[in-house]
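A short worksheet on the structure shown next.
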2 protein chains.
Amino acid sequence: MVDIHAYTRWMPAGLDLSVITRTGVDVVASHGWDGLSTRSVATALGVTPMALYRYVADAAELRDAVLESIVAASAAVRSTGDLASDLADWARRFRRDLEPHPGVAAHLLIAWFDCPAALDRVESLLALAAEHGIEGFEAVARTNAVFTYVLMRCEAERVIRAAGVVRRSLRDDGTGRPRRHLRILASHYTTARFDAHFEFGLRALVAAA
Amino acid sequence: MVDIHAYTRWMPAGLDLSVITRTGVDVVASHGWDGLSTRSVATALGVTPMALYRYVADAAELRDAVLESIVAASAAVRSTGDLASDLADWARRFRRDLEPHPGVAAHLLIAWFDCPAALDRVESLLALAAEHGIEGFEAVARTNAVFTYVLMRCEAERVIRAAGVVRRSLRDDGTGRPRRHLRILASHYTTARFDAHFEFGLRALVAAA
DNA sequence: ACCTGAACACCGTTCAAGT
DNA sequence: ACCTGAACACCGTTCAAGT
């Protein structure tokens with residue numbers, strides 16, 4: 001018996017949360033965090049925007065899932081017994097993993113406390129500090145400094161890359177104010193030698209911690 | 001001689017950059033940073049969105065002008081000779097001044113290096129550190145810790161206020177992971193006792209600096 | 001010189017309908 | 001059960017037109 005309806009029966013597109021999330025990650029990789037939307041993901045999947053609403057409650061939930069996926073795939077904290085080098089090692093790998101996903105660092109800066117995978121990394125950094133007798137708010141302040149350093153560098157580097165020009169404002173923004181102390185920072189945000197400057201700041205940071 | 005044309009002559013709306021910027025600041029105060037747009041400002045002014053384009057190049061320039069205006073009106077750094085108390089004093093006043101403008105702290109977190117008024121405050125903090133013999137990247141790291149602490153607290157407090165609920169994720173987000181080190185932080189982001197927790201973290205931070 | 005209006009390409013989302 | 005389509009309220013912006 002041939003089921004005649006089998007030929008005419010409507011076929012589902014085969015969506016599910018993991019497919020949607022993976023597509024979202026791809027969209028971020030190619031169009032940046034701000035390019036992530038219900039419509040852009042739907043287009044990439046070849047479906048109507050509304051098709052996604054069966055798997056995610058709204059655009060915010062879609063973004064959360066994509067963010068979680070990207071951060072979960074990023075570097076985990078490793079412990080070798082040397083605090084400074086462990087922190088620096090993680091920071092380098094974390095930066096490298098965020099780089100292919102422009103804009104994610106900036107978003108993480110204001111949303112890390114809502115991202116489980118980010119909390120895992122902060123927790124691991126705190127555990128690392130605890131191994132060396134650093135506890136309480138001092139540990140929070142120190143690990144947070146490393147964590148936000150990576151995020152801010154990533155975002156600053158993205159902005160500079162996108163603008164294609166040296167940041168004018170850190171040097172002289174036309175206000176006439178010299179800001180001589182900021183010159184230290186300026187060289188670290190205004191040139192294309194990203195890796196060297198990242199290293200310089202990182203070392204100063206983990207040496208203090 | 002009565003100029004007959006005076007009665008029929010078309011009247012300009014009397015726009016200029018400062019009026020637009022002030023209106024933009026009001027819009028942010030009442031609808032938050034994300035509520036700021038060319039259309040929302042134009043509506044508040046009773047003009048067409050396109051009327052603004054004679055005074056600002058695009059939406060980004062409008063946002064920059066509004067941000068600059070808000071930060072320029074915020075607390076300036078004061079020096080009394082006591083580094084820890086000067087840092088804490090500025091942090092408290094800065095937080096108080098950002099609070100009426102929801103979302104500005106979060107945006108500042110990723111855009112402070114493009115905001116002259118923010119750079120002025122960072123420069124002043126660096127100068128403060130220099131007065132006490134703290135120079136170079138160590139000064140940058142320490143003052144940045146205080147600066148970003150205020151911004152992150154403001155944003156976290158805004159999110160909690162907006163959600164109207166205790167942040168679930170810092171405690172237990174359903175992943176089953178205990179994250180015992182993060183419990184320290186949790187109490188600082190999950191209750192409504194904003195002022196007390198802000199003080200606790202701030203003191204730990206400036207004591208280290 | 002200064003502002004309007006229509007139009008276009010986006011965005012999220014609701015609701016009714018289709019298979 | 002799963003997806004589409006039309007519709008609505010937003011967003012930025014271009015371009016031509018009005019006074």
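Chain A is the first sequence line, chain B the second, and so forth, proteins listed ahead of strands; every chain is numbered from 1.
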Is G14(B) touching bases, backbone alone, or none of the nucleic acid, heavy atoms closer than 4.0 Å? sugar-phosphate

Looking at S37(B), I'd like to know whether one of its side-chain N or O atoms comes within less than 4.0 Å of OP1 or OP2 on dC10(D). no

Whom does dA7(D) pair with, Watson-Crick or G-U wobble, provided both distances fall under 3.5 Å? dT13(C)

By nearest-nucleotide position on DNA chain D, the 5'-leaning member of L36(B) and G46(A) is G46(A)

Which nucleotide in the set dT13(C), dG12(D), dC3(C) lies at the smallest distance from any side-chain heavy atom of A51(B)? dC3(C)

Between R179(A) and D120(B) (salt bridge meaning N to carboxylate O under 4.0 Å), is one present in this structure? yes

Length of the CG-P vector between D58(A) and dG12(C), whole Å: 10 Å

Value in whole Å for how far the P atom of dA6(D) lies from OH of Y53(A): 18 Å

Within this structure, what is the CG-to-C1' distance between D34(B) and dC10(D), rounded to whole angstrom? 13 Å

Could you walk me through whether R95(A) and F198(A) pass the side chain to side chain contact (heavy atoms under 4.5 Å, CB included) check? CA-CA 10 Å; R95(A) 169 170 172 261; F198(A) 178 81; 3.2 Å; yes

Check: R161(B) side chain, A156(B) main-chain N or O, donor-acceptor pair, under 3.5 Å: no

So does Y55(B) get a side-chain nitrogen or oxygen closer than 4.0 Å to the phosphate oxygens (OP1/OP2) of dC3(C)? yes

Looking only at side-chain atoms of R54(B), point me to the closest of dC2(C), dC2(D), dG12(D). dC2(C)

If pairing means Watson-Crick or G-U wobble with both distances under 3.5 Å, then the partner of dT19(D) is dA1(C)

T38(A) side chain, from C-beta outward: closest of dA6(C), dC2(C), dG12(C): dG12(C)

Whole-Å distance, D16(A) CG to dC3(D) C1', equals 15 Å

OP1 or OP2 of dC3(D) versus the side-chain N and O atoms of T48(A): is any pair under 4.0 Å? no

Test item: R121(A) side-chain N/O and A72(A) main-chain N/O as donor-acceptor pair under 3.5 Å: yes

Have a look at L126(B) and tell me which of N144(B), T143(B), I134(B), V77(B) forms a side-chain contact (heavy atoms from CB on, under 4.5 Å) with it. T143(B)

Nearest-nucleotide check on DNA chain C, R39(B) vs A59(A); residue mapping nearer the 5' end is R39(B)

Whole-Å distance separating the CG atom of L62(A) from the P atom of dT13(C): 10 Å

Rounded to whole Å, CG of L45(B) lies from P of dT4(C) at a distance of 10 Å

Whole-Å distance between dT14(D) C1' and M50(B) CE? 7 Å

Specify the separation, in whole Å, of atom CD of E61(B) and atom C1' of dG12(D). 14 Å

